[in-house]
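In what follows, chains are A, B, ... by sequence order, proteins preceding strands, each numbered from 1.
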Amino acid sequence: MRLSSLFGVTLREAPAGVESASHQLLLRAGFVRPIGTGLFAYLPLARRALVKIEHVLREELSAIGGQEMQLPVVLPAELAGAAGAEAARFTDRKARDLALAASWEAAIAEVVRSEIRSHRQLPQLVFHVQSQFRDELRPRAGLLNAREFTALQAFALAADDAGMQAQYGALREAWLRAFRRCALPVIMVEAGMGDAVAHRFVYLTPEGEDEIVACDACGYAADRRAATFRKPLGNAEPLRPIEKVATPDAKTIEALARFLAIPRRKTAKAVFLVATDDAAEGRQARFVFVVIRGDMEVNTAKLAAALGTTDLRPATDDEIRAAGAEPGYASPVGLAEQIHRSPLPVVVVVDDAVPASPNLVAGANVPGYHLLNTNYGRDYTAHIVADIAAAGEGDACPRCGAPLRLTQGVAVGRMRWLSASYAEAMRLAYRTADGASRPVMMASAGVGVSRLLACIAEAHHDDNGLIWPPSVAPYGVHLVALAGRDGDALAKAEALYRDLQRAGIEVLFDDRAESPGVKFADADLIGLPLRVTVAPKSLAAGGVEFKRRDAEAREIVPLGDAVEHARRMLDQMAAEVEAGAWHAL
RNA sequence: CGGGGAAUGGCGCAGAUGGCAGCGCGCACGGUUUGGGACCGUGAGGUCCCGGGUUCAAAUCCCGGUUCCCCGACCA
C-alpha cells in the first residue's frame, strides 16, 4: 500500500478531551475515527490489525476443534441477552420486538436445541465473530469501552462435567496462547460468584475500569465483584444487654466510631437499596435492608446474586423513611414491627460476618441515638445471611491470608461455565448411549476483539507512537523513500517495494513528497515493526537502512539482500513474541 | 440518570466591558528544500451547535433545546 493513497491520514494533534494513550494514538495514527459517543469508524489500518487479531483467535480455536459459524446481529428481543436499559430494542413493521444482540448465549441455545440430539454429537465447540452493541451508561477511553465493538464468542458443549472440564481447560489455554501471540500480558482472574466457575482475562492498566483484587503471596486474583476474603471475626465474648445511647451528629460510621471511641468493626451499619428488576416482570420492586459490619463495604454484585436480582439501585431517603427506617440512625432491631408499614416488600440481608461478631453498635432508629450491644439472632433476624462484603485493599487473601492488593484492568476475555440448570431451563437435552435424556453442558467464552486491539496499543507504544507486535501489525514493513535530487533513491525504493510485495511481505510504502522529518514521524506514529529507508545517504553507505520500531539500532544492508533481510527480521520478531519477550510492560 | 465543563474554518485554540470573525497547524497552487514534523509567496475554506428573545447592532446578553467531554452506578 502506498501511503500517498492510503485512506486515512495522520494527525499532528489529537482531538481535545482524549485521555488514554491508545485512544489518542489510534486517532492520531489514522486507525479510527469517532462517529458518535462510543461509536467508531475503523479505517483500513485498524481493519487490517483487527483481521490479524481475528486470525490469531481463529487459529487457536481451530486448533482445539472450534468451528466458526455466524449468528445474526439482530435477534428476537427475548433472545438478545441484555436486560433493561442496556438493550437496544426496536420493533419491525409487524410490531415484533427485536433487539441488537448483546450476547448470543440464548440464541446459540436455540440452535443447539435443534442440532444436538445425541451423545455422539458431543463434545462440540462453535464460535462466531460479530459486531455487538451495548448501550453503555458511559462509554470512555475510546475503543477500551465503546458501545459497539467486535466480539468473538465461543460456546463449548459437552455431555457431562468431565467433558466440560476438558473443554473449559482447552479454551482457557487457547485464550492464553492467543493473548501471548498478540503480545498482550494478561492475568487470569476468578470471576465466578459463589460456586459458579467463571474467569476473566485482564490486562492490568489504570485506564481499565475493572477492579481486581490480587494476592502477591499466593497468586490469587479475582474480579472484585466476585472476590472473597477472610473476614476478621469478632472476639468471642458474652452477649451484653442492649443499651440506648445519645450519639448526636454521628450519622456516619466514621463519626460514630470516633464519638464512642470504638473500632469500626464493632459497629453494624445499615445500607438500603431497591431491587427493581422484579417490577419489570410485573411484580413489585423490593426494598432491601442490608446490615453489614461498619468496617466493610457492600459488594452490590454479590448482594444481587444473593437476592437473585440483576438490578439494584440505592434507595432514596424518602423510600428509607417510607420503609420505617431513619437515615443515618437506622436499626435492624425492631424492624419486624416496622416492616408492615413499608409500601414495598422488605428483604433483610445480613452479611455473614455480622452473626459472628457479638455486641455491635447499631442505629436506634431515632435521630441522634444508637444501640450498644446488638446481636444477630437475639435482637433481630434476616431473610438472607450471605457473604455480601466487598474485598478491598489490605483485606486478607481467602487462600493464604496475606494482604490483598486492589488494582485495575481491562477485561479482554472471559469464560463462564453455565450451570446444568441453565441447560434445563433452555431445554437443551441429548440422548445418552442407553437412551436416557441428559442436559447438554454449556460454557460460554468471549474475547473483545476491538478492545484487544486497543489494549495492545495501550501496552505497546512510546512517546512517538504505536509499536505493533508483528503478529497484529497492519503491515510488516514501513518502507520510506527519501527522494534525492536525482531521483535515484526513489526509483530504487519503488523497485524494493515491488520486490518485497512479490516476496509476500506486507509493505506500507511512503512515496509521498514529504520532508524526512514528516516521514519518520509518521512511521513512528503508525508503528509498523520494521522501518526500511531508501535514501541517498543510505545508498552512499552501501544500501538501505533497517530499523526496528521497538529499538534504536539501525543497520545498512545491501539492496540485493534487503528482501531476505526483512523476512529474517520479521521472523526474528515473531519468534520473540512467541517466546514471550514482548510481554514485559 | 445524578454532578461538573464545553460547543467558533478539517484539527488545536483566541475572540474583557455587544460594534468588519481571528491565530497556529493542516489543505490547494508556485518556487526553494530533502536523514527527524523545513522555508518563501499566493489562495481556498465559517449556519460562530440549533431555535427563540433583548438591541440600531449578538460569536458575545437572556430563555429553551441538542450534541460532546469529564466524575459516579452498568459492561467484552
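The pairing partner recorded for B/U60 is none, the criterion being a Watson-Crick or G-U wobble arrangement whose two distances lie under 3.5 angstrom. Within the shown strands, B/U66 is the pairing partner of B/A7 under the Watson-Crick or G-U definition, both distances less than 3.5 Å. If you check B/U55 for Watson-Crick or wobble pairing at under 3.5 angstrom, you find it has no partner at all. Look at B/C29: its Watson-Crick or wobble partner, with both distances under 3.5 angstrom, is B/G41. Under the Watson-Crick or G-U wobble criterion, with both distances below 3.5 Å, B/G72 is paired with B/C1. For B/G46, there is no paired base (Watson-Crick or G-U wobble, both distances below 3.5 Å). With both pairing distances under 3.5 Å, B/C13 is matched to B/G22 as a Watson-Crick or G-U wobble pair.
With P as the reference atom, B/G18 and B/A57 are 15 Å apart, rounded to whole Å. Distance check on atom P: B/G22 versus B/C27 gives 23 Å, rounded to whole Å. Separating the P atom of B/C48 from that of B/U42 is a span of 28 Å, rounded to the nearest Å. Across B/G30 and B/G35, the matching P atoms stand 23 Å from one another, rounded to whole Å. Spacing between B/A58 and B/U17 at atom C1', rounded to whole Å, works out to 14 Å. B/C39 and B/C25 have their C1' atoms separated by 15 Å, with the value rounded to a whole Å. Between B/U60 and B/C20, the two C1' atoms lie 15 Å apart (nearest whole Å). Taking the C1' atom of each, B/G64 and B/G10 are spaced 31 Å apart, rounded to whole Å.
Spacing between atom CZ of A/Phe272 and atom P of B/A73 amounts to 21 Å, rounded to whole angstrom units. Computed from coordinates, the A/Leu452 CG to B/C75 C1' distance equals 17 Å when rounded to whole Å. One interatomic measurement links the two molecules: CG of A/Leu25 to P of B/C11, which rounds to 19 Å at whole-angstrom precision. In this entry the distance linking CD1 of A/Ile212 with C1' of B/A76 reads 13 Å, nearest Å. Between the C1' atom of B/G36 and the CD atom of A/Glu552 lies a distance of 12 Å, rounded to the nearest Å. Taking atom CD1 of A/Ile526 as the reference point, atom C1' of B/G37 lies 13 Å away to the nearest angstrom. The CG atom of A/Asp210 sits 14 Å away from the C1' atom of B/A73 (whole-angstrom rounding). Nucleotide B/G72 holds its P atom 12 Å from the CG atom of A/Asn145, rounded to whole Å.
Mapping A/Val412 and A/Ser538 onto RNA chain B via the closest heavy atom, the residue that lands nearer the 5' end is A/Ser538. Along RNA chain B, the nucleotide nearest to A/Arg12 and the one nearest to A/Arg225 differ in position, and the one closer to the 5' end is contacted by A/Arg12.
Here B/G35 is the nucleotide among B/A76, B/C74, B/G35 with the atom lying nearest to any side-chain atom of A/Lys537. Set against B/A76, B/A38, B/G35, the side chain of A/Glu545 has B/G35 as its closest nucleotide.
Taking the six-membered ring for Trp and thresholds of 30 and 60 degrees, A/Trp417 and A/Tyr168 have ring planes inclined between 30 and 60 degrees apart. Below 30°, between 30° and 60°, or above 60°: for A/Phe546 and A/His565 the angle between ring planes is above 60°, a perpendicular geometry.
At the heavy-atom level, A/Glu209 lies under 4.0 Å from base atoms of the strands shown. Residue A/Ala513 is classed as having no contact, given no heavy-atom separation below 4.0 Å to the nucleic acid. Across all strands, A/Ala151 comes closer than 4.0 Å to no nucleic acid atom at all (heavy-atom distances). Among the atoms of the strands shown, base atoms are found under 4.0 Å from some heavy atom of A/Arg451.
Within the 4.5 Å cutoff, the side chain of A/Phe155 has heavy atoms near those of the A/Ile108 side chain. Side chains of A/Gln130 and A/Thr150 form no contact here, defined as non-hydrogen atoms less than 4.5 Å apart. Counting heavy atoms from C-beta on, the side chains of A/Glu555 and A/Glu545 never come closer than 4.5 Å.
OP1 or OP2 of B/C74 has not a single side-chain nitrogen or oxygen of A/Arg134 nearer than 4.0 Å.
No donor-acceptor contact under 3.5 Å links the side chain of A/Glu13 to the base of B/C13. A donor and an acceptor atom never sit less than 3.5 Å apart when one is taken from the side chain of A/Arg28 and the other from the base of B/G26. Donor-acceptor pairing under 3.5 Å, judged by distance alone, is absent between the side chain of A/Glu514 and the base of B/G37. If you check distances only, the side chain of A/Arg531 does reach the base of B/G36 with a donor-acceptor pair under 3.5 Å.
A/Ser444 and A/Arg414 form a side-chain donor-acceptor contact under 3.5 Å, judged by distance and modelled atom types alone. Neither side chain, A/Ser20 nor A/Glu207, offers a donor N or O lying under 3.5 Å from an acceptor on the other.
Base orientation of B/A16: syn, the glycosidic angle falling within 90° of 0.
By the 6.0 Å and 45° rule, A/Arg48 stacks over the aromatic ring of A/Tyr475.
Under the stacking criterion of a centre-to-centre distance below 5.5 angstrom and an interplanar angle below 30°, A/Phe520 is not stacked against the six-membered ring of B/G37.
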